[in-house]
Novice: 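One structure is given below, represented as structure tokens, and several questions about it will come after.
If you're wondering where the values come from, they're calculated on a predicted model, not measured in any experiment. The first residue in the sequence is number 1, and the count goes up from there.
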Amino acid sequence: MNKKIKKMLLLVLALTFSLSLTGCGEEELNFQVNERVMQQYTKEIIDKYKSPADYEEDYYLNEGTELEKSAVAGFKAAQTTDHVGAYLDSNGAMKISNGVDGKINFSQICHYENRDVKVTVSYKENKAFEMDKAKVYYNLSEAAAQYGMDAASYASQMFGQSEEFDMSSMDSFLESYLINNGEYPYIAEECEVSAVYSKKELVTMAGKNTAIGMGVVFCVLIFISFIISLLKYLPLIFDADIRKARAEKKAAHEKAKKNTEEMIIGKSSEATKSDKTEVAQVKTSDDNLMNDAELVAVITAAINAANEFSGVRAPAYTASNDKLVVRSIRRAKR
């Protein structure tokens with residue numbers, strides 16, 4: 001039983017190890033490339049678009065292809081926004097990786113005075129390149145036949161002295177011949193130019209951008225809140241009738257309030273005088289002239305009258321047979 005478990009564990013470890021080695025292998029590119037040729041093509045693009053004349057720049061940005069627009073705009077932004085300084089060379093590190101839609105991205109580091117710049121060109125395969133190589137070989141064969149030679153000997157005699165052509169093989173010669181005539185086995189479609197920043201610089205820039213963005217958002221929200229708070233005054237500003245009606249209503253309210261206060265003060269004074277007179281009459285009269293029920297009624301009437309004119313209405317504690325509310329009863333000194 002233990003031997004079987006050990007065998008299973010060894011098998012699992014072997015599979016895991018093999019899979020890990022497979023994952024560590026090099027990435028298979030979308031199509032076969034020649035690094036030297038692709039780097040040469042990329043450097044030609046860099047030299048052509050890094051600093052065009054004013055009239056060329058205007059044409060590329062407005063009427064040029066997608067490659068011309070992206071390349072010129074990218075190099076211009078590197079100078080105006082990133083302030084990379086003067087161009088030195090394009091001999092930095094390079095990298096090849098797969099792109100989208102079956103393309104290949106070739107990245108080349110360019111050295112500038114203040115900061116390095118990364119130029120990434122997106123290439124697709126030129127499927128007509130092989131056909132054009134066959135056409136060149138056919139033309140060479142026809143020309144060589146006139147001198148009784150084969151194509152390889154004729155090409156060696158005609159172009160062997162030039163360093164621009166690779167004479168190591170016929171296929172290499174045909175490829176170098178087409179490249180020297182401006183045709184590459186790849187077609188450049190887009191160009192991305194970006195300044196190279198360190199991680200510390202990127203974090204600092206991200207923090208600044210975040211702070212600026214949040215500050216702008218809060219300022220806009222405060223401004224919107226202020227505008228909303230002013231909306232209640234719009235009817236008063238744009239509608240004269242509403243302003244006039246409110247002014248008249250306010251004046252009428254003030255007048256009614258003043259009249260009410262004057263009336264309450266006057267009636268309260270009269271009620272107080274009447275109350276004092278009745279109390280005096282009660283004191284001077286004989287005890288037998290009025291019984292307790294009548295005394296309670298008189299006092300209650302006086303208190304109720306005073307409360308009615310003063311505008312105060314309190315809860316009733318005791319009610320008489322005549323539906324008069326008695327708030328308190330105090331025995332008078334005799």
Novice: Is there a donor-acceptor pair closer than 3.5 Å between any side-chain N or O of Asn180 and the backbone N or O of Ser176?
Specialist: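 At least one qualifying donor-acceptor pair exists.
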Novice: Considering non-hydrogen atoms only, spot the tightest contact between Asn126 and Glu183 and give its length.
Specialist: ND2-OE2, 3.7 Å
Novice: Does Phe165 belong to the same Ile/Leu/Val/Met/Phe/Trp/Tyr cluster as Met158, with side-chain heavy atoms less than 4.5 Å apart forming each link?
Specialist: yes
Novice: Are any of the side-chain heavy atoms of Met94 and Ile109 separated by less than 4.5 Å?
Specialist: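 The answer is no; the side chains never approach within 4.5 Å.
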Novice: Heavy atoms only: give me the nearest Ala78-Val193 pair and the separation to one decimal.
Specialist: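 Looking at all heavy atoms of both residues, the closest pair is CB-CG1, 4.4 Å.
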Novice: Considering non-hydrogen atoms only, spot the tightest contact between Leu140 and Ala155 and give its length.
Specialist: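 Scanning both residues completely, I find the closest heavy atoms to be CD1-CB, 4.4 Å.
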Novice: For the hydrophobic clusters of this structure (ILVMFWY residues joined by side-chain heavy atoms under 4.5 Å, transitively), does one cluster hold both Ile212 and Val220?
Specialist: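 They do share one cluster, since a chain of ILVMFWY contacts under 4.5 Å joins Ile212 to Val220.
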Novice: Within the 3.5 Å criterion, strictly below it, is a donor on Thr42 or Tyr123 matched to an acceptor on the partner's side chain?
Specialist: yes
Novice: Supply the atom-to-atom distance Ser90 OG to Gln39 CD, rounded to the nearest 0.5 angstrom.
Specialist: 7.5 Å
Novice: Answer yes if Val33 and Ile187 sit in the same cluster of Ile, Leu, Val, Met, Phe, Trp and Tyr residues linked by side chain heavy atoms under 4.5 Å apart, and no otherwise.
Specialist: no
Novice: Can you tell me how the ring of Phe159 sits relative to the ring of Tyr177, calling it parallel under 30°, perpendicular over 60° and tilted otherwise?
Specialist: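 Perpendicular, since the angle between the ring planes exceeds 60°.
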Novice: Tell me, do Pro185 and Asn34 make a side-chain contact under 4.5 Å, heavy atoms counted?
Specialist: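 The answer is no; the side chains never approach within 4.5 Å.
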Novice: Do Ser168 and Asp166 meet the criterion of a side-chain donor-acceptor pair at a distance under 3.5 Å?
Specialist: yes
Novice: How far apart are the C-alpha atoms of Gln79 and Val84, what are their side-chain angles, what is the distance that settles it, and do they pass the side chain to side chain contact (heavy atoms under 4.5 Å, CB included) test?
Specialist: CA-CA 6 Å; Gln79 291 290 348; Val84 296; 3.8 Å; yes
Novice: Run the side chain to side chain contact (heavy atoms under 4.5 Å, CB included) test on Tyr112 and Lys50 for me, step by step, so that the C-alpha distance in whole Å, both residues' side-chain angles and the decisive distance to 0.1 Å come before the verdict.
Specialist: CA-CA 11 Å; Tyr112 278 75; Lys50 63 182 175 61; 4.2 Å; yes
Novice: Look up atom SG in Cys191 and atom CZ in Phe75, then write down how far apart they are to the nearest 0.5 Å.
Specialist: 5.5 Å
Novice: When you group the ILVMFWY residues by side-chain heavy-atom contacts below 4.5 Å and let the links chain together, are Tyr137 and Ile179 in the same group?
Specialist: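 Not linked; separate clusters.
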Novice: Just verifying a value: how many Å separate Ser141 OG and Gln146 CD, rounded to the nearest 0.5 Å?
Specialist: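 Output value for this atom pair is 11.5 Å.
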Novice: For Ala188 and Val121, work out which heavy atoms get closest and say how close.
Specialist: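 That would be CB-CG1, 3.8 Å.
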Novice: Check the surroundings of atom NZ in Lys118: do more than 12 heavy atoms from other residues, nucleotides or ligands lie under 6.0 Å from it?
Specialist: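 Count not over threshold, so no.
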Novice: Kindly give the heavy-atom pair with the smallest separation between His83 and Thr81, and that separation in Å.
Specialist: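 Shortest heavy-atom separation between His83 and Thr81 comes out as CD2-O, 3.2 Å.
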Novice: Does atom NZ of Lys43 have more than 12 heavy-atom neighbours, drawn from other residues, nucleotides or ligands, at distances under 6.0 Å?
Specialist: yes
Novice: Is it the case that more than 12 heavy atoms not belonging to Asn209 sit under 6.0 Å from its CG atom?
Specialist: yes
Novice: Between Ile45 and Leu61, is there shared hydrophobic-cluster membership here, with clusters defined by ILVMFWY side-chain heavy atoms closer than 4.5 Å?
Specialist: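 They do share one cluster, since a chain of ILVMFWY contacts under 4.5 Å joins Ile45 to Leu61.
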Novice: Would you call Glu130 and Lys133 a salt bridge, using N to O less than 4.0 angstrom?
Specialist: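 Between Lys133 and Glu130 there is a salt bridge, with a charged N closer than 4.0 Å to a carboxylate O.
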Novice: Test side chain to side chain contact (heavy atoms under 4.5 Å, CB included) on Ile96 and Asn105 and set out the steps.
Specialist: CA-CA 6 Å; Ile96 299 177; Asn105 295 330; over 6 Å; no
Novice: Could you grab the distance from atom CG of Asp89 to atom NE2 of His111, nearest 0.5 Å is fine?
Specialist: 5.0 Å
Novice: Measure from the side-chain N and O atoms of Asp82 to the backbone N and O of Ser194, and report whether any donor-acceptor pair falls under 3.5 Å.
Specialist: no
Novice: Minimum heavy-atom separation for Ala152 to Met170, with atom names?
Specialist: CA-CE, 3.3 Å
Novice: Are Val117 and Val196 side-chain neighbours, meaning at least one heavy-atom pair lies under 4.5 Å?
Specialist: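 No, side chains not in contact.
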Novice: Counting neighbours of CD on Glu254 that are heavy atoms of other residues, nucleotides or ligands and sit closer than 6.0 Å, is the number greater than 12?
Specialist: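 Check passes, neighbour count above 12.
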Novice: If you define the side chain from C-beta out and look only at heavy atoms, does anything of Tyr60 sit under 4.5 Å from Lys48?
Specialist: yes
Novice: How long is the span from the CG atom in Asn30 to the NZ atom in Lys124, to the nearest 0.5 Å?
Specialist: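 These two atoms lie 13.5 Å from each other.
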Novice: Between atom CD of Glu113 and atom OH of Tyr87, what is the distance when rounded to the nearest 0.5 Å?
Specialist: 14.0 Å
Novice: Give every residue pair that meets the ring-ring contact (aromatic ring centres under 6.0 Å, His included) criterion with at least one member in residues 180-200, sequence neighbours excluded.
Specialist: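 Checked against ring-ring contact (aromatic ring centres under 6.0 Å, His included) - neighbours excluded - the pairs reaching residues 180-200 are Tyr41-Tyr184.
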Novice: Given side chain to side chain contact (heavy atoms under 4.5 Å, CB included), test Glu189 with Leu67 step by step and report yes or no.
Specialist: CA-CA 5 Å; Glu189 292 203 325; Leu67 172 68; over 6 Å; no
